[in-house]
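In what follows, chains are A, B, ... by sequence order, proteins preceding strands, each numbered from 1.
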Amino acid sequence: MNLFDYIRPASLDEALSAWEPGAAWLGGGTNLVDLMKTGAMAPGKVIDVTRLPGLDGIESLPDGSTRIGALVRNSTLAHDPDFAADFPMVAEAILSGASGQLRNAATVGGNLVQRTRCAYFQDPWSPCNRRDPGTGCAAIGGETHNHAVIGWSDRCIATNPSDFAVPLAALDAVVEVAGPSGQREIAMAAFHHLPGDTPETETALAPGELIVAIRLPAGARAFRANSRYLKVRERTSFAFALASCAASLRIEDGTIAEARFALGAVAAKPWRVAEAEAMLTAQPPGAALFSQAAERALQDAAPSGENAWKIDLARRTATRALALAAAGTPARMPALPASTFGEPAHA
Amino acid sequence: MPDVIMPRFGSNSGQPTTRRDGIAKVTGTATFAADNQPDRMLHAVYAPATIARGRVTALDTEAALAHPGVVAVYTPWNRPPLAGDPDAKPFMFAFRFEALQSDEVRYSNQPVAFVVAESLEAATEGARLLKPQYEAQPARVGLDGNEPFKPKGDAPFGLPRDFEHGDVAAGHAAADQALDATYETAENYHNAMESHCLVAEWKDGKLELDIPTQAVVLTRGAYAYYFGIAPGDITIRSPYLGGGFGSKAIANGPQILAIMAARELGRPVKLMFRRDQMFGPTGHRGATRQRIRIGIDGDARMTVLDHESLATTSSFDDFIEPAAYASQGLYNAGALRSAFEAVRVDTGTPGPVRAPGEASGSAALESAMDEMAEKAGIDPLDFRLRNYAETEPGTGKPYSSKALRECYAEGAKRFGWEGRPLEPRRMQDADGKLVGWGMGTALFGAPMFAAEARATLLPDGTGLIETAAADMGQGAWTALAQIGAYALGLPLDRVEFRSGHSDLPDGGVAGGSGHTATAGGALHAAGGDAVAKLAGIASADPDSPLFGTGNTGVVARDGWLVAEEDDSRRDSFADIIARNGGAAVVGTGKAARPPEDAARHAMYSHGAVFAEVKVDPELFQVRVTRMVGAFAAGRIINPRLAESQLMGGMIWGISFALHEEALFDKRTGRIVNGDFAGYHIPVNADVTGLEVLTVHEDDPYVNPIGVKGVGEIGISGSVGAIANAIWHATGTRVRRFPIRIEDLLAGA
Ligand SMILES: Cc1cc2nc3c(=O)[nH]c(=O)nc-3n(C[C@H](O)[C@H](O)[C@H](O)COP(=O)(O)OP(=O)(O)OC[C@H]3O[C@@H](n4cnc5c(N)ncnc54)[C@H](O)[C@@H]3O)c2cc1C
Ligand code: SF4
């Protein structure tokens, strides 16, 4: 690990003015510190934001939206009974990620900005356009088990590993940021970037910008009765997704009035396709319909290596997630959240 | 010396005593090697090669040395001489290793430089700043990475030999039905929770090591050789190991460099491997490709069992996973063949990992048995029973004991095997998951090594038992103390046990599942010796109620010597010693298996494992929902610890079947999942409904205490049972381990 300055500002202003090129915000540190240990990240200055006041609350705003402070710990959010009742698939997604210890440490801001799990990115000795622009992409032609099957480019085929981000994208969450030029808002849909020619710009955050909150719009609550997150993984718990899907439906009189679903682990951002969602509207829920919508969402998928099977798996995952959502949000959080081995959705 | 009739197992031995070191461990007061912090200690970090084959051409030592806190940087160009050559193989457990003897890179993560600093952080950064430059050559990895060759040589360790019994060609020809199937197993890395570490300190030319080792006394020989000193000039303290799995009995390059640095710098040096460095110089399980051919007659009796195994080894040394050995001791085939080939790849040299040979071999064999039963249209358990070996196949030797039939019966009953449909895809749960049941036979040799022990009866009537054993977490502190206390005729709480220190009598190697039998055997003998001496004193003492008993017919019980015939004739240990000069009575003992015993009997632990899996019918995620393992392993000294070990073995089985695999980048030869986020092992949620039964077995031949081993057998049988259950659930036969979702998707 390189030598670096560590500071712990007491106010947002102090934090923002402490930023300089090469600095990194420190949340729970569960991702940043790991990457500093391998040498994949080597910030000259680490700005610990965990003591900033006022960023650790979950509040309901007058317009009906819910605002999550960037420093709220993953566990705190998922276990907040009101939040979990209103946004069950967000809670389920969080609880399906990492381990209890990690979720206790991780902040929601850090979760959104966590870096890809591409092994070549994490290994400072491998060429990687995302880490060191212009060096090439070692993953292409290499071990592509957890790489993208959609939205990738010949510069980078990495996926975004966050479970939390997937239901946020489906629910049109908004990211509130503060930076040198003031505060602004970024829609989740625009928050994570596809790699294109510039995989190094992972998010819409400008240099020096800090996430201060994440907001779920009032309308997102309307899906609470039919929302699920499903995550297929290589062991029952404590594994990143091979494919995941956050699915939510608003069902009125046996007909889908509105549908939202996003896929995780297939691209550099949660994958949402408006046309696929539209196919579900005004239809009665059904296996064939769900499968067609899933197919449509993955219409542009293509293997980025020896991972064609992931396209099939993602399609199956989305189909199932929609069926689970149609069956209804479970009365209580499944013992194994987001798992196919959780308690049956239908009692 | 006259005989003493020993009491029956009971008061100590055979009891499910909890771990004597349990409280120290859960409260954090147990001192593991890396917990030691002697004054003026330096920290060492090795710089790992980031290519798998080639030469180091440059290292920026200036940058590293300029980093604040860095004290020394050793490279292939300035490394001080060692007394022994790392590329020599001077003794049985010696493997070639890299201690900067040249600029050659033989595999990724081998040391290419060694940095010592005042802090761990400084040493780590120093190593990073070296930015090694290379002349790289293409890496050779995987079973097809190079030309196969036939292993040759006489090393008893790591070089399996072909074996043939009966007329194999005739066996094939006689078959009414035949199976010919090929299975592959992946590279597994040991990854004990405690990574390899040591604290080395030189004092007046003598070496003191705090190091976790599976062979406390024996490994002194290795360090002595590389540093040109006498084994007696080395002190090893190894009270606790955070696991070893076979990797902590063998010296490796970075450890030698740390000891060297401590000598050069005149200060204690600590080295602890980072997790990613555990995927390199500390051994691993080679990958295998195994072809199994089975022929059966009209009664489903095996006419031939023909097992060929190809395994990876390193480009510079031989440890060839003896997978095909698994077929030698188990089924009563008319003809048997085990044949070995190997392929040289650019990895570190493999080594013994959790049931070497048996784990990979059993995975393939038990899968093949299931496939053959399927072809024959009979129940897999029935198929195994029809081919039950009453004597060791091949040699014809009788088994010292073999309660395998009972294991099958008790395991099957507990699991509820009866009524299992023969065809796959016949069972579903309420949630629509596919349910499958599979089974496998478990087998593991019951070896003994050599050990010595000392048992002392102290004047206050308590006992002291001593042997340099290794507690790897398996519970040696407890089980061995139970044996020693029993041998002394004392309750456990009146016996002090000293272990894990090289000044003590040699407790042998904690490996091969033979530690309890060996170290325990030595303690047993030592205790018997002390009691016999005491009985001799009492018998000669006119003031003793036992005067004249001639010490046959005397038993030691709860601190008393008691006449067998007459319970009222008794004398306490303390009284006997007090009346006879007050000196402690010291007994010594040894254990090793006499060659004639080994010639007379085949000795194995046996077991039967039954597994239930559930598989999502569309997503193909797999969960092992139930497992029952029934094992016969001779006398069980401590049921709690034995069951915990057997259960651990079965969890390794889950791991082998579904999770563990080092993934290589085929171009660079680098492992891309070298951490616990990527290299999966089961988590708690993967381990549900595991049950262990120990089946009673009296073995009068295996050794005087009747103990076989329970350390590794749990993995054997389990892997096949899970694979077979997956087939039974899905109808898809996956012949590659670990079994992955994509493999099942492909079969959908
Ligand atoms: C073994 C393991 C398994 C895991 N499994 C999963 C899993 O299954 N699913 C999953 O979703 N995640 C998983 N994770 C990742 C985990 O969710 C993230 O590490 C965590 O959410 C990051 O949060 P943090 O607060 O610790 O971030 P940090 O490590 O502190 O920061 C992460 C990044 O975000 C930046 N950052 C932090 N806070 C802010 C802010 N307020 N504004 C802008 N930038 C910021 C940092 O500079 C850094 O680049 C796993 C992690 C590990 C180590
Ligand atoms: S996939 Fe992206 S992150 Fe991975 S090596 Fe290529 S450029 Fe880097």
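- Considering only heavy-atom pairs separated by less than 4.5 Å from chain A, the leading option among B:Arg667, B:Glu121, B:Glu618, B:Arg128 is B:Arg667.
- Chain B forms the most heavy-atom pairs under 4.5 Å with one residue out of A:His145, A:Arg117, A:Lys37, and that residue is A:His145.
- Geometrically, A:Lys45 does not engage A:Phe4 in a cation-pi contact defined by less than 6.0 Å to the ring centre and at most 45° from the axis.
- Annotation: side chain of B:Leu744 is in contact with side chain of B:Val622 (closest heavy-atom distance under 4.5 Å).
- The contact list for residues 286-296 of chain A toward chain B, using heavy atoms and a distance under 4.5 Å, is empty.
- Residues B:Arg670 and B:Asn109 are in side-chain contact: their nearest non-hydrogen atoms beyond the backbone lie under 4.5 Å apart.
- Chosen from A:Thr317, A:Asp312, A:Leu3, the residue pairing most often with chain B at heavy-atom distances under 4.5 Å is A:Leu3.
- A 4.5 Å side-chain heavy-atom check between A:Leu26 and A:Tyr6 finds at least one atom pair inside the cut-off.
- Between B:Glu184 and B:Arg735, none of the side-chain N atoms (NZ, or NE/NH1/NH2) sits under 4.0 Å from a carboxylate O, so this pair counts as no salt bridge.
- For B:Ile51, no part lies near chain A; criterion is any non-hydrogen pair under 4.5 Å.
- Salt bridge absent: B:Asp686 and B:Arg623 never bring a charged side-chain N and a carboxylate O closer than 4.0 Å.
- Most heavy-atom pairs under 4.5 Å with chain A: of the set B:Leu619, B:Thr124, B:Thr50, this distinction falls to B:Leu619.
- A donor-acceptor pair under 3.5 Å is formed between the side chain of A:Thr116 and the backbone N or O of A:Thr159.
- Residues A:Leu242 and A:Leu313 form a side-chain contact, since some pair of their non-hydrogen atoms from C-beta on lies under 4.5 Å apart.
- Using a 4.5 Å cut-off between heavy atoms, A:Asp123 contacts chain B through its side chain alone, with no backbone atom that close.
- Residues satisfying the ring-ring contact (aromatic ring centres under 6.0 Å, His included) test with B:Tyr189, not counting sequence neighbours, are B:Phe279, B:His284.
- For chain B, the nearby parts of A:Arg316 are the backbone and the side chain; heavy atoms of each come within less than 4.5 Å.
- In terms of non-hydrogen atom pairs under 4.5 Å with chain A, the most contact-rich of B:Lys666, B:His659, B:Lys131 is B:His659.
- Only the side chain of B:Lys433 comes within contact range of chain A, judged by heavy atoms closer than 4.5 Å.
- Each of A:Gln122, A:Arg233, A:Lys310 has some count of heavy-atom pairs under 4.5 Å with chain B, and the biggest count is that of A:Arg233.
- Ion pairing between B:Arg140 and B:Asp346 holds under the 4.0 Å rule for side-chain N and carboxylate O.
- There is no contact between B:Pro738 and chain A, counting heavy-atom distances below 4.5 Å.
- Checked by atom type, the side-chain pair B:Glu660/B:Tyr679 shows a donor-acceptor distance below 3.5 Å.
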